[in-house]
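Some notes on the structure that comes next.
Computed from a predicted structure; not experimentally measured.
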Amino acid sequence: MSKIKIFTTLFVTLSVLCSISQSAHQPVKKLTFLEKTHDFGDITKDTILKARFRFINTGTDTVHIEYVRPDCTCTDYRLSRKNIAPKDTAYVELMYDTHNKHGLQKLYAIIKTDTPEQMYKLTIKVKLN
């Protein structure tokens, strides 16, 4: 085998090994939600409902919450923190005002993060009497 072929083979092999080694140590961003849906069941109307959605950073790098967007102006939110360190927990609390609402309601909120999944959908369900 020529010296050029040996050098090329050695270079390619070392490049692949370095690539594998670097990817094994790259930080990972990942959120795990304990629940993504909260069902209140039957509730008397004209109340304010609060649902807390807890999550854990199960990755190896800090996760940043870019925004929380409820789909209705009747829903407000509170985010416990925007930056979640690895193995740390946080929550989003959704507050839904049932004033002038009737029947079965489903409300959604989207959480945008810098994780590979990027978007997480949370759901509130309630039947108002």
Side-chain angles (χ1 to χ4, degrees):
M1 193 181 258
S2 74
K3 288 184 180 181
I4 293 176
K5 285 185 178 179
I6 291 172
F7 178 74
T8 304
T9 302
L10 183 60
F11 179 75
V12 169
T13 303
L14 287 174
S15 296
V16 168
L17 288 174
C18 285
S19 173
I20 290 170
S21 174
Q22 287 176 350
S23 67
H25 298 292
Q26 288 182 350
V28 176
K29 294 180 179 239
K30 184 176 180 184
L31 285 184
T32 301
F33 281 78
L34 301 181
E35 65 175 8
K36 291 184 183 176
T37 301
H38 188 93
D39 189 344
F40 284 98
D42 291 354
I43 300 287
T44 304
K45 63 180 181 170
D46 296 330
T47 60
I48 294 179
L49 304 175
K50 294 181 182 181
R52 187 172 283 190
F53 297 90
R54 291 184 172 89
F55 49 90
I56 303 166
N57 180 346
T58 53
T60 58
D61 195 7
T62 298
V63 172
H64 176 71
I65 306 292
E66 294 182 28
Y67 61 76
V68 177
R69 293 231 172 97
D71 68 344
C72 176
T73 58
C74 59
T75 307
D76 199 2
Y77 74 92
R78 187 171 82 100
L79 179 62
S80 64
R81 75 185 100 205
K82 284 190 161 235
N83 296 303
I84 302 95
K87 299 181 183 175
D88 203 0
T89 61
Y91 65 86
V92 173
E93 187 173 67
L94 298 178
M95 286 92 47
Y96 171 53
D97 185 354
T98 66
H99 184 71
N100 289 331
K101 307 285 189 221
H102 305 281
L104 184 61
Q105 303 287 311
K106 279 189 182 180
L107 297 115
Y108 305 98
I110 299 296
I111 299 176
K112 172 117 172 36
T113 70
D114 62 351
T115 64
E117 192 170 332
Q118 292 186 345
M119 304 277 194
Y120 299 88
K121 182 169 109 174
L122 305 177
T123 306
I124 292 177
K125 296 178 184 178
V126 63
K127 185 175 180 186
L128 300 170
N129 299 318

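By the neighbour-count criterion of 12 heavy atoms within 6.0 Å, atom CZ of Arg54 is sparsely surrounded, having that number or fewer from other residues, nucleotides or ligands. More than 12 heavy atoms of other shown residues, nucleotides or ligands fall within 6.0 angstrom of atom NZ in Lys112.
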Original post:
For Leu107 and Leu94, what are the C-alpha separation, side-chain angles and deciding distance, and is it a side-chain contact (heavy atoms from CB on, under 4.5 Å)?
Top reply: CA-CA 10 Å; Leu107 297 115; Leu94 298 178; over 6 Å; no
**OP:** Test side-chain contact (heavy atoms from CB on, under 4.5 Å) on Met119 and Glu66 and set out the steps.
**Re:** CA-CA 10 Å; Met119 304 277 194; Glu66 294 182 28; over 6 Å; no
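Note on Leu49: it clusters hydrophobically with Val68, by side-chain heavy-atom contacts below 4.5 Å among ILVMFWY residues. Hydrophobic clustering of Ile, Leu, Val, Met, Phe, Trp and Tyr side chains at less than 4.5 Å, counting indirect connections, unites Val63 with Leu79.
Residues passing the side-chain hydrogen bond (donor to acceptor under 3.5 Å, both in side chains) test with Tyr77: none are found, sequence neighbours excluded. Every residue two or more places apart in sequence or in another chain that forms a side-chain hydrogen bond (donor to acceptor under 3.5 Å, both in side chains) with Arg81 is listed here: Asp88.
Thr37 contributes no side-chain N or O that, together with a main-chain N or O of Thr123, makes up a donor-acceptor pair within less than 3.5 Å.
Going from atom OH of Tyr96 over to atom CG of Asp76 covers 14.0 Å, rounded to the nearest 0.5 Å. Atom NE2 in His64 sits 5.0 Å away from atom NZ in Lys82 (nearest 0.5 Å). The structure places NZ of Lys45 at 9.5 Å from CG of Asn129, a figure rounded to the nearest 0.5 Å. Atom CD of Gln105 and atom SG of Cys72 lie 8.5 Å apart (nearest 0.5 Å). Atoms CG and CG, from Leu104 and Asp42 in turn, are 9.5 Å apart once rounded to the nearest 0.5 Å. Of the inter-residue distances, the one linking Arg69 atom CZ with Thr75 atom OG1 reads 15.0 Å to the nearest 0.5 angstrom.
Lys29 pairs in a side-chain hydrogen bond (donor to acceptor under 3.5 Å, both in side chains) with only one of the listed residues (Thr62, Asn57, Asp114, Thr115), which is Asp114. Exactly one residue among Phe55, Phe33, Tyr108 makes a side-chain contact (heavy atoms from CB on, under 4.5 Å) with Leu122. That residue is Phe33.
Of all heavy-atom pairs between Gln26 and Thr60, the closest is O-OG1, 4.3 Å. Nearest heavy-atom pair across Asp46 and Asn100 is OD1-N, 3.4 Å. Of all heavy-atom pairs between Gly59 and Pro86, the closest is O-CB, 3.5 Å. Closest approach of Ala51 and Phe40 over heavy atoms only: CB-CZ, 3.9 Å. Taking each heavy atom of Ile48 and Met95 in turn, the nearest pair found is CG2-CB, 4.4 Å.
Counting heavy atoms from C-beta outward, Thr98 and Ile43 have side chains that stay 4.5 Å or more apart. Two residues are said to be in side-chain contact when any heavy atoms from C-beta on lie closer than 4.5 Å; Lys50 and His38 fail this criterion.
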